Engineer: 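One structure, as structure tokens, below. Some questions next.
All values derive from a computational prediction rather than experimental measurement.
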Amino acid sequence: MIYSNPLHPPVDPANYSRYSSLEGALDLPPSQPTSTFLSPTRRRLPQPSYIPVSKWKAAMGRLNQLHNPITFDYIGYSKQGVPMQELMARSTTALASMIQGANDAVFAHTGLIRIAFRIIWPGYEHVEWARTIELTRGKTPITRAQLGSTISLSFARFVEKTRLEPSTSSEWNLISSGIRFEHLVLVALVNVFDNVWLADVAVDLR
């Protein structure tokens, strides 16, 4: 069936690259970062690379092998993402019939107990948003659907908080650009450095 849908210290902005590390992690063409989206209104959110303040952490983190991205898609689709509003509002039972691999224990093979999840939104790099995501629910490994719901809830709270913050980007400003939480699409969760993960996000204003 096809569904159509309506812990680390603060980082100085000077330590961010202006270019996204997420496109490369997902093997997307650097010159056409949104070319994989079927919807003409869907655009990938450009995100700067994460670089820790500590030079020692920066050096050691680069020695650690990164884990593969965890993708989120409707059944029958690839690299299109799932609206965060759906991931947050639907039950795990409902998501199991909608999301590809919804019940997969996506971190079970990694040996990780928790991850550091960060949101770095263009124009709001001064807003520190770092959260720990526990990778088990009781003794049960977290599933793809549960992970997507957790990430989406974090973005909902981030959007609510940053509406009161100044922005240096007119295109991605969460007030003047018209971007709201319901426009956000979760494409993947990407391990960008050591145990730090960022969400690969698209914005769909349709």
Engineer: Can you tell me if Asn191 uses its side chain to pair, donor with acceptor, with the backbone of His67 under 3.5 Å?
Structural biologist: yes
Engineer: Taking Arg118 for its side chain and Trp129 for its backbone only, find out whether a donor-acceptor pair lies under 3.5 Å.
Structural biologist: no
Engineer: Just by distance, do the side chain of Glu182 and the backbone of Leu205 share a donor-acceptor pair under 3.5 Å?
Structural biologist: no
Engineer: Judged by atom type as modelled, is there a donor-acceptor pair below 3.5 Å linking the side chain of Asp194 to the main-chain atoms of Val196?
Structural biologist: no
Engineer: What verdict does the side chain to side chain contact (heavy atoms under 4.5 Å, CB included) test give for Val185 and Arg42, after you've listed the backbone C-alpha separation in whole Å, the side-chain angles of each residue and the deciding distance to 0.1 Å?
Structural biologist: CA-CA 9 Å; Val185 178; Arg42 188 165 295 186; 3.7 Å; yes
Engineer: Checking Ser149 side chain against Ala145 main chain: does a donor-acceptor pair fall under 3.5 Å?
Structural biologist: no
Engineer: State whether the side chain of Gln80 and the backbone N or O of Val187 hold a donor-acceptor pair below 3.5 Å, judged by distance alone.
Structural biologist: no
Engineer: Report yes if the distance between the aromatic ring centroids of Trp197 and Phe117 is under 6.0 Å, otherwise no.
Structural biologist: no
Engineer: Might you work through the side chain to side chain contact (heavy atoms under 4.5 Å, CB included) test for Met84 and Phe181, ending with a clear yes or no?
Structural biologist: CA-CA 8 Å; Met84 292 188 189; Phe181 172 70; 3.7 Å; yes
Engineer: How about Phe193 and Leu198: do any of their side-chain heavy atoms sit closer than 4.5 Å?
Structural biologist: no
Engineer: Taking NZ, NE, NH1 and NH2 as the nitrogens, is one of them in Glu160 or Arg180 under 4.0 Å from a carboxylate oxygen of the other?
Structural biologist: no
Engineer: Does atom CD1 (Ile113) have a neighbourhood of more than 12 heavy atoms from anything else shown, all under 6.0 Å?
Structural biologist: no
Engineer: Look at atom CZ of Arg163 and say whether more than 12 heavy atoms of other residues, nucleotides or ligands are closer to it than 6.0 Å.
Structural biologist: yes
Engineer: Take Asn103 and Arg144 through the test side chain to side chain contact (heavy atoms under 4.5 Å, CB included) and record every step on the way to the result.
Structural biologist: CA-CA 6 Å; Asn103 293 325; Arg144 189 188 310 270; over 6 Å; no
Engineer: Does the side chain of Ser169 pick up a donor-acceptor pair with the side chain of Trp121 at under 3.5 Å?
Structural biologist: no
Engineer: Under 3.5 Å, is there a donor on one side chain and an acceptor on the other for Asp73 and Ser78?
Structural biologist: no
